[in-house]
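In what follows, a structure is listed as structure tokens, so that the remarks can point back to it.
Just so it is clear, the values below take in all heavy atoms, side chains as well, and ignore hydrogens, waters and symmetry mates. Each residue takes its place number in the sequence, starting with 1.
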Amino acid sequence: MKRILLAYTLSALCLLPAFAGGGEGSLPISYVNPFIGTTNFGTTNPGAVCPNGMMSVVPFNVMGSEDNKYDKDARWWSTPYEYHNCFFTGYSHVNLSGVGCPELGSLLLMPTTGELSVDYKEYGSRYKDEQASPGYYSNFLTRYNVKTEVSATPRTGVSRFTFPAGQSHVLLNLGEGLTNETGAFLKQVSDTEFEGMKLLGTFCYNPQAVFPIYFVMRVNKQPASSGYWKKQRPMTGVEAEWDPDNGRYKLYTRYRKEIAGDDIGAFLTFNTTEGEQIEVQMGVSFVSIENARLNLDTEQSGKNFSQVLADARMRWNEDLSRILVEGGTEEQKTVFYTALYHTLIHPNILQDVNGQYPAMESDQILTTKGERYTVFSLWDTYRNVHQLLTLVYPERQLQMVRSMLDMYREHGWLPKWELYGRETLTMEGDPSIPVIVDTWLKGLRDFDIDLAYEAMYKSATLPGAENLLRPDNDDYMSLGYVPLREQYDNSVSHALEYYIADYSLSLLADALGKRAAEQGKKAEARKYQADARLFYNRSLGYKHYYSKEFGTFRPILPDGQFYSPFNPRQGENFEPNPGFHEGCAWNYSFYVPHDVKGLARLMGGQKPFIEKLQRVFDDGLYDPANEPDIAYAHLFSYFKGEEWRTQKETRRLLQKYFKNAPDGIPGNDDTGTMSTWAIFNMIGFYPDCPGDPYYTLTTPVFDKVVIRLDSDTWGSDKLVIETGRPSTESLYIREMELGGKKLSRYRISHEELVKGGVLRFILR
């Protein structure tokens with residue numbers, strides 16, 4: 001497979017901390033393979049990015065050639081890079097990682113040589129010698145004999161092109177990209193600087209969720225010539241005869257004012273010597289051109305490419321070093337640290353260096369005192385990503401919750417699937433609730449919990465016609481379930497998500513009621529207690545959907561009858577399916593993590609429940625890339641004597657689906673959700689019930705894991721997981737200790753875990 005760049009500048013190495021007792025070769029960043037997940041629809045990419053950074057600089061290879069295996073214009077495609085493609089058309093600036101809809105991936109920067117061409121189908125090139133590591137990507141364009149390298153700061157990118165002797169060009173294409181939106185403007189500020197704007201948006205085909213990206217581009221050498229291009233509209237009749245640029249790309253070589261259009265760009269031409277390097281800086285902002293310039297001046301002033309790269313590597317090594325592992329194979333370490341790398345890409349910062357950001361669903365520009373985060377793919381990440389951030393990166397998770405509450409202040413709703421200040425309403429449920437509840441119940445409380453409760457109560461109780469997050473809330477509140485009113489309305493999936501959100505809300509209401517009682521606020525306590533009962537009872541409405549005939553959940557019609565004809569396997573492989581979203585009934589029928597034992601009773605008791613759950617794995621009914629069932633393996637551990645099945649299945653799934661290879665993620669990474677599943681299960685515990693501050697234990701992959709904790713937050717500076725195994729084949733847990741005391745339960749609270757300090761497993 002394509003090799004990973006593991007060589008680091010001496011200056012950077014002098015600053016990087018030692019890792020797990022190893023030398024330079026065992027730094028956490030040395031185990032990251034950014035090519036993992038770049039095929040098999042994992043939709044990750046090997047581009048340069050900083051942890052949770054706004055900017056990413058990514059090789060764009062999904063358009064322009066029939067030789068490519070996948071083309072963005074020929075099929076549904078949601079990533080700027082695919083491992084098996086071979087035709088490179090530039091570097092895109094600001095991209096998404098692990099998403100299912102096309103968006104962003106614009107501001108395409110391309111080096112060429114020889115005769116100038118501005119048509120990407122003509123100027124694209126094959127490439128070789130790909131290299132990637134955190135904060136860095138490089139390739140060699142075989143058509144032009146140009147080496148390309150890119151790196152990034154949190155808000156800016158830098159490209160370094162090593163040219164041969166002769167006439168060389170740098171092209172900025174604003175007409176193409178991954179986004180489905182069109183339209184841009186461009187202005188040449190000086191011989192070496194351009195500024196402009198490109199329109200982005202319509203994520204998952206939400207036509208009004210559009211937003212601008214502003215940019216400033218600079219080169220470090222005076223070009224011999226420069227100008228614009230624009231694709232001209234096709235004409236007919238007499239006009240077509242006298243216009244030589246009819247339907248073609250027109251070059252503007254003597255025009256220097258602004259230019260605008262759907263398909264425009266800029267070119268800079270240089271006379272280069274053999275091996276001459278030209279650096280191109282790109283600053284971006286979602287506020288203004290002035291802020292894009294400020295970001296660029298602040299983050300790259302006085303720095304060359306090598307210095308930017310060293311800074312990016314330092315940032316990554318510091319973040320990845322918060323979890324240190326010993327033992328395991330080299331491949332397992334690579335899988336682990338690459339997963340952690342992917343998890344730390346989104347959510348990413350939105351504010352500029354001066355704190356300004358675009359307010360949620362508004363034309364206002366506001367200023368934040370801390371970090372303002374964006375790209376909240378919450379239907380995915382509420383299940384495990386935010387739980388990992390809470391434990392290991394609590395300062396970041398706290399800022400994310402504050403960002404979510406600020407969105408409520410600005411827009412009147414908590415986010416569902418927020419993207420650069422726009423609510424896309426992608427997927428279903430009310431996913432902010434479990435995230436905020438989990439965060440608060442675990443002890444991160446430096447945010448306005450009363451405002452949070454107000455926001456949650458609003459979405460949980462408003463009628464559907466007034467409810468942005470729960471449009472089918474009338475049926476849900478009156479019937480206890482959502483009936484199937486249209487053939488493919490995902491009604492069961494909607495309701496199952498509401499049940500989990502309401503269970504989380506019941507936990508918070510109960511905790512706030514106890515707080516009010518301790519403060520002597522009796523009336524307030526009673527109100528919270530009543531809310532807790534209401535939302536808890538609602539969360540049990542899943543029972544309406546259980547069909548004894550099939551032993552699975554089944555859609556219900558408006559008249560109260562089950563939907564027929566019904567096939568519980570319909571919906572596999574993204575086949576349209578009445579009542580269920582992107583899955584079949586088997587993928588959803590155990591998705592009641594807040595009432596596992598109640599579900600078991602509904603299914604006839606422990607024995608038939610276990611047998612049916614095991615069938616999911618044995619008969620290939622488990623979908624490793626579909627969020628509702630990713631915690632299924634942990635449900636065995638709710639029943640004494642069956643915990644070994646969790647240990648067996650989590651290890652089997654890790655070995656089968658997570659590999660040090662381009663297809664090493666089992667499907668769409670969903671902004672780190674699949675990667676986080678691997679992280680938790682490799683270290684030995686998993687948060688299988690969103691919103692509930694508990695973990696289910698399983699067999700760790702590594703002999704020792706040290707998680708660096710924030711002592712001010714958790715009262716300890718580390719959590720250690722140790723595993724004693726008689727042999728490398730040992731799999732099942734014989735005994736456990738937490739804080740030096742014997743542990744007989746396979747489900748422990750977050751508080752127990754961080755206070756225990758050392759969790760020890762003895763295998764057999």
Item checked: Verdict with supporting geometry, Arg747 and Tyr638, side-chain hydrogen bond (donor to acceptor under 3.5 Å, both in side chains) -> CA-CA 8 Å; Arg747 187 167 168 79; Tyr638 280 76; 3.0 Å; yes
Could you tell me whether a side-chain N or O of [X] sits under 3.5 Å from a main-chain N or O of [Y], the two making a donor and an acceptor?
X: Lys442; Y: His750; answer: no
X: His581; Y: Met427; answer: no
X: Glu418; Y: Val375; answer: yes
X: His594; Y: Ser539; answer: yes
X: Asp489; Y: Leu484; answer: no
X: Asn577; Y: Gly583; answer: yes
X: Arg645; Y: His634; answer: no
X: Glu737; Y: Arg760; answer: no
X: Arg75; Y: Asp71; answer: no
X: Asn40; Y: Gly42; answer: no

Side chain to side chain, [X] and [Y], heavy atoms closer than 4.5 Å:
X: Leu653; Y: Asn681; answer: no
X: Phe562; Y: Ile556; answer: yes
X: Lys416; Y: Ser432; answer: no
X: Phe553; Y: Tyr542; answer: yes
X: Phe590; Y: Met603; answer: yes
X: Trp379; Y: Glu497; answer: yes
X: Val99; Y: Asp380; answer: no
X: Ser491; Y: Arg485; answer: no

Nearest heavy-atom pair of [X] and [Y]: which atoms, and what distance?
X: Glu82; Y: Val62; answer: N-CG1, 4.1 Å
X: Leu324; Y: Pro28; answer: CD2-CG, 4.4 Å
X: Leu697; Y: Arg745; answer: CD1-O, 3.8 Å
X: Ala132; Y: Pro34; answer: O-CD, 3.7 Å
X: Ile721; Y: Pro700; answer: CG2-CG, 4.1 Å
X: Ser377; Y: Thr671; answer: CB-OG1, 3.4 Å

Margin query: Go through it in stages, so that I can follow the logic: the residues are Asn660 and Thr338, the test is side chain to side chain contact (heavy atoms under 4.5 Å, CB included), and I'd like the CA-CA distance, side-chain angles, deciding distance and then a yes or no.
Written below: CA-CA 9 Å; Asn660 180 18; Thr338 305; 5.9 Å; no
Margin query: Just to verify, which of Val392, Leu391, Asp438, Leu389 counts as forming a side-chain contact (heavy atoms from CB on, under 4.5 Å) with Gln397?
Written below: Leu389
Item checked: Qualifying residue for side-chain contact (heavy atoms from CB on, under 4.5 Å) with Tyr695, from Tyr686, Tyr746, Phe680 -> Phe680
No-hydrogen, no-angle side-chain donor-acceptor test under 3.5 Å, [X] and [Y]:
X: Tyr536; Y: Asp510; answer: no
X: Thr343; Y: Thr676; answer: yes
X: Trp586; Y: Glu572; answer: no
X: Thr698; Y: Thr650; answer: yes
X: Asp669; Y: Thr44; answer: no
X: Asn33; Y: Thr334; answer: no

Next item on the list: Could you give me the CA-CA distance, side-chain angles and deciding distance for Asp319 and Tyr393, then say whether side chain to side chain contact (heavy atoms under 4.5 Å, CB included) is met?
Entry: CA-CA 9 Å; Asp319 270 10; Tyr393 308 89; 4.2 Å; yes
Next item on the list: Using the test ring-ring contact (aromatic ring centres under 6.0 Å, His included), find all partners of Tyr488 that sit at least two apart in sequence or belong to another chain.
Entry: none
Margin query: Using the ring-ring contact (aromatic ring centres under 6.0 Å, His included) criterion, which residues pair with Phe376? Sequence neighbours excluded.
Written below: none
I'd like to know whether [atom1] of [X] has more than 12 heavy-atom contacts from other residues, nucleotides or ligands below 6.0 angstrom.
X: Lys543; atom1: NZ; value: yes
X: Glu642; atom1: CD; value: yes
X: Asn573; atom1: CG; value: no
X: Phe639; atom1: CZ; value: yes

Anything under 30° is parallel, anything over 60° is perpendicular, the rest tilted; go ahead and classify [X] against [Y].
X: Tyr481; Y: Tyr545; result: perpendicular
X: Trp76; Y: Tyr205; result: tilted
X: Tyr83; Y: Phe35; result: perpendicular

Item checked: Cation-aromatic face contact Arg652/Phe617, 6.0 Å, 45 degrees -> no
Atom pair [atom1]/[atom2] of [X] and [Y] - distance to nearest 0.5 Å:
X: Lys648; Y: Tyr732; atom1: NZ; atom2: OH; value: 5.5 Å
X: Met682; Y: Trp677; atom1: CE; atom2: CH2; value: 10.0 Å
X: Ile679; Y: Phe658; atom1: CD1; atom2: CZ; value: 9.5 Å

Note to self: Thr426 vs Phe203, test: side chain to side chain contact (heavy atoms under 4.5 Å, CB included). Steps then yes/no.
What the structure shows: CA-CA 9 Å; Thr426 304; Phe203 180 76; 3.8 Å; yes
Item checked: side chain to side chain contact (heavy atoms under 4.5 Å, CB included) between Asp688 and Tyr694, worked out -> CA-CA 8 Å; Asp688 53 89; Tyr694 280 80; over 6 Å; no
Notebook entry, point to check: In this structure, which one of Tyr588, Tyr591, Tyr476 forms a ring-ring contact (aromatic ring centres under 6.0 Å, His included) with Tyr499?
Noted result: Tyr476
